[in-house]
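One structure is given below, encoded as structure tokens.
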Number of protein chains: 2
Amino acid sequence: MSAESKPDHAPLELERFLPYRLSILSNTVSQAIADDYQQRYDLTVTEWRVMAVLARFDGLSAREVAERTAMDKVAVSRALARLVEAGRVHRGTHDGDKRRSVLSLSENGWQVHDEVAPMARAREREVLAKLDDEEQAWLTRILDKLQPL
Amino acid sequence: MSAESKPDHAPLELERFLPYRLSILSNTVSQAIADDYQQRYDLTVTEWRVMAVLARFDGLSAREVAERTAMDKVAVSRALARLVEAGRVHRGTHDGDKRRSVLSLSENGWQVHDEVAPMARAREREVLAKLDDEEQAWLTRILDKLQPL
DNA sequence: GTGTTATAGTTACATATGAAACCATTTGCA
DNA sequence: TGCAAATGGTTTCATATGTAACTATAACAC
């Protein structure tokens, strides 16, 4: 029990502070999804994001994966090391440029993808179910406007 | 350059996936603010959050700080160790319970708070400036509904 | 062609973080 | 009382993450 104090210092009200609220919400949502596959597939969030991108865009290089996931190249490099090791991603070398890798999901990678993707979508639906249609539409619009921050 | 592929596998479109978008937005916003004070005051985000809570609620225990910041007790313990060491927070012992600490901002802590808080608020305003009044109202409403997830 | 600069990706190091074990104190209850 | 269980807080250990340095290859200038 402690009294609220020092209004003269104009303290920040964390629970109304947008960055703080976003952070809590984002972590809660991401964690809920991660809990679904993390242990079951021994897959981190970053690894899953790499897989999701490769599922849509076959043959990307590591740098392109980094761009599309908004992760830095070191994180991508490490995620790929594990994914290749685990036999979920195949890594070849670009024909005309030996520096670049050519990445794609393996048979196994596709299997994992096809199990995890529906789980992720289901969780997203659960979250969105708390909002009515109008609110969902505004949320999309708001995220679009804030996105290229 | 790679073609979009395998529609039969229904791959996840990351850039339209709510959890992903929230994560990007949250990190971008938090990082922008942290950049303002991180180096200048040698203050991490978690440390700043602890200070913000103590600015509003004087005399909290570490556990209470953890509750109010949605951080786990280990993170709070570490943040407090640094803050006390740096002379920004005073740590006493609870009268009736020697386990509990009694925390408050020091003179120095208040100074830092009074410089950082306006910067944080200014950044928040910058972000919100991208939205019109109606959108801002919806955002608040949406966050309220999603909050107790 | 040769030297410089840029790019793809990995490695090394230092720091951050989370889970579980741990210590001290307090509470509940026989 | 006195002892088991709960609580506040710290420490330990294992893992994650970011920055900078590094290797290899390619592009560019001349």
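The sequence lines fix the lettering, A, B, ..., with proteins before strands; numbering per chain opens at 1. Model, not experiment: these values are computed from the prediction.
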Note to self: My understanding is that only residues two or more places apart in sequence, or in another chain, count here; which of them pass salt bridge (Lys or Arg N to Asp or Glu O under 4.0 Å) with A:D114?
What the structure shows: none
Notebook entry, point to check: Partners of B:N27 by side chain to side chain contact (heavy atoms under 4.5 Å, CB included), sequence neighbours excluded?
Noted result: B:S23
Checklist line | Where at least one partner belongs to residues 102-113 of chain B, residue pairs that pass salt bridge (charged side-chain N to carboxylate O under 4.0 Å, His left out), sequence neighbours excluded | finding: none
Notebook entry, point to check: Which residues pass the side chain to side chain contact (heavy atoms under 4.5 Å, CB included) test with A:V45, sequence neighbours left out?
Noted result: A:A34, A:Y37, A:R49
Next item on the list: Summarise protein proximity over nucleotides 14-22 of chain C in one line of letters, 5' to 3': B for base, S for sugar-phosphate only, - for none, counting protein heavy atoms closer than 4.0 Å.
Entry: ---BBBB--
Notebook entry, point to check: So does A:R100 get a side-chain nitrogen or oxygen closer than 4.0 Å to the phosphate oxygens (OP1/OP2) of C:dA8?
Noted result: no
Check: So where does chain A start and stop touching DNA chain D, 5' to 3', when the test is distance under 4.0 Å to a non-hydrogen atom?
Finding: D:dT17 to D:dA26
Checklist line | Residues forming a side chain to side chain contact (heavy atoms under 4.5 Å, CB included) with B:E115, sequence neighbours excluded | finding: B:Y41
Next item on the list: Could you name each residue pair satisfying salt bridge (charged side-chain N to carboxylate O under 4.0 Å, His left out) that touches residues 19-43 of chain B, not counting sequence neighbours?
Entry: A:D144-B:R21, B:D36-B:R123, B:D42-B:R82
Margin query: Restricting to non-hydrogen atoms, name the atom on B:T44 and the atom on B:Q38 that form the minimum distance, rounded to 0.1 Å.
Written below: CA-NE2, 3.7 Å
Checklist line | C:dT10 OP1/OP2 closer than 4.0 Å to side-chain N/O of A:R91 | finding: yes
Checklist line | Contacts of type salt bridge (Lys or Arg N to Asp or Glu O under 4.0 Å), residue A:R91, not counting sequence neighbours | finding: none
Margin query: Does a side-chain N or O of A:S77 approach OP1 or OP2 of C:dA8 to a distance below 4.0 Å, or not?
Written below: no
